[in-house]
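Note that these values count all heavy atoms, side chains included, but never hydrogens, waters or copies made by symmetry.
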Amino acid sequence: MRALFWLLDTAISLYVWALIISAVLSLLIAFNILDTRNRLVWTIADFFYRITEPALRPLRRFLPNLGGIDISPVILILLLQALRILLQEVYVAILRSGVGV
């Protein structure tokens, strides 16, 4: 049981890092610090876009237009952190009940 909760927690943590990297990468591309004509930069940017976009797209539909500022990664990171806390609480409750021992 502990391994399952550890795996979920680690997957959520890795996804949060992927969101952060994707946001920083998109800013670097937007300010022309990184050039997407470079094949490596394009491949990395495309990878992070494909990983993060399916989770960000539904959030963007509900968020208001802020004039080019995208806060959907921040909202998703907050939701994922709340999910991590919820999973930790569930794990502690299971340990206290003696079911997952």
Side-chain angles (χ1 to χ4, degrees):
M1 186 62 94
R2 183 182 346 158
L4 177 65
F5 280 101
W6 175 83
L7 182 65
L8 288 172
D9 186 56
T10 303
I12 292 170
S13 295
L14 288 174
Y15 199 75
V16 167
W17 279 108
L19 285 166
I20 293 169
I21 292 169
S22 177
V24 169
L25 195 60
S26 69
L27 283 174
L28 291 175
I29 290 171
F31 288 118
N32 289 326
I33 296 171
L34 293 177
D35 188 12
T36 55
R37 290 179 290 182
N38 182 337
R39 185 72 174 163
L40 178 65
V41 172
W42 182 85
T43 303
I44 293 171
D46 185 56
F47 170 76
F48 281 108
Y49 177 81
R50 288 175 187 246
I51 293 237
T52 58
E53 188 60 24
L56 292 173
R57 191 177 306 123
L59 284 176
R60 288 187 182 126
R61 278 187 272 152
F62 294 110
L63 294 175
N65 186 2
L66 297 175
I69 298 173
D70 185 18
I71 62 168
S72 59
V74 175
I75 302 296
L76 186 57
I77 288 172
L78 290 173
L79 290 172
L80 288 173
Q81 292 298 341
L83 179 63
R84 284 183 70 199
I85 292 170
L86 178 68
L87 282 174
Q88 289 171 356
E89 294 296 323
V90 168
Y91 179 66
V92 169
I94 288 173
L95 284 179
R96 286 186 183 152
S97 70
V99 174
V101 178

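Cluster membership check: I71 shares its hydrophobic cluster with L79, using side-chain heavy-atom separations under 4.5 Å among Ile, Leu, Val, Met, Phe, Trp and Tyr. The hydrophobic cluster containing M1 also contains L83, counting ILVMFWY residues as joined when their side-chain heavy atoms lie under 4.5 angstrom apart, directly or transitively. The hydrophobic clustering, which links ILVMFWY residues whose side-chain heavy atoms are closer than 4.5 Å, places F48 and I33 together. Hydrophobic clustering, with ILVMFWY side chains joined whenever heavy atoms are under 4.5 angstrom apart, keeps L7 apart from L14. F62 and I77 are not part of a single hydrophobic cluster, where members link through side-chain heavy atoms under 4.5 Å apart.
Between the CG atom in L56 and the CG atom in L63 there is a gap of 10.0 Å [rounded to 0.5 Å]. For the atom pair CG of N38 and CG of L34, the computed distance is 8.5 Å after rounding to the nearest 0.5 Å. From W6, atom CH2 reaches atom OG of S13 across 10.0 Å, with rounding to the nearest 0.5 Å. A distance of 10.5 Å separates CG of L76 from CD of Q81, quoted to the nearest 0.5 Å.
The closest side-chain heavy-atom distance from I94 to V90 is below 4.5 Å. Two residues are said to be in side-chain contact when any heavy atoms from C-beta on lie closer than 4.5 Å; R60 and E53 meet this criterion.
Residues satisfying the side chain to side chain donor-acceptor pair (under 3.5 Å) test with Q88, not counting sequence neighbours, are none. F5 is linked by a ring pair (Phe, Tyr, Trp, His ring centres under 6.0 Å) to Y91, counting only residues two or more places apart in sequence or in another chain. Checked against side chain to side chain contact (heavy atoms under 4.5 Å, CB included), R39 has the following partners two or more places apart in sequence or in another chain: W42, T43.
Residues in residues 11-27 take part in no salt bridge (charged side-chain N to carboxylate O under 4.0 Å, His left out) pair, two or more places apart or across chains.
Checking each of D9, L4, I12 against L87 for a side chain to side chain contact (heavy atoms under 4.5 Å, CB included) leaves exactly one that passes, namely I12.
For P58 against P54, the heavy-atom pair with the smallest separation is CD-O, 3.2 Å.
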Donor-acceptor list for residues 15-29 side chains, cut-off 3.5 Å, not counting sequence neighbours:
residue : atom : partner : partner atom : Å
Y15     : OH   : I51     : O            : 2.9
S22     : OG   : T52     : OG1          : 3.4
S26     : OG   : S22     : O            : 3.4
S26     : OG   : A23     : O            : 2.8

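Applying the under-4.5 Å side-chain rule to Ile, Leu, Val, Met, Phe, Trp and Tyr, the cluster around I85 consists of that residue alone.
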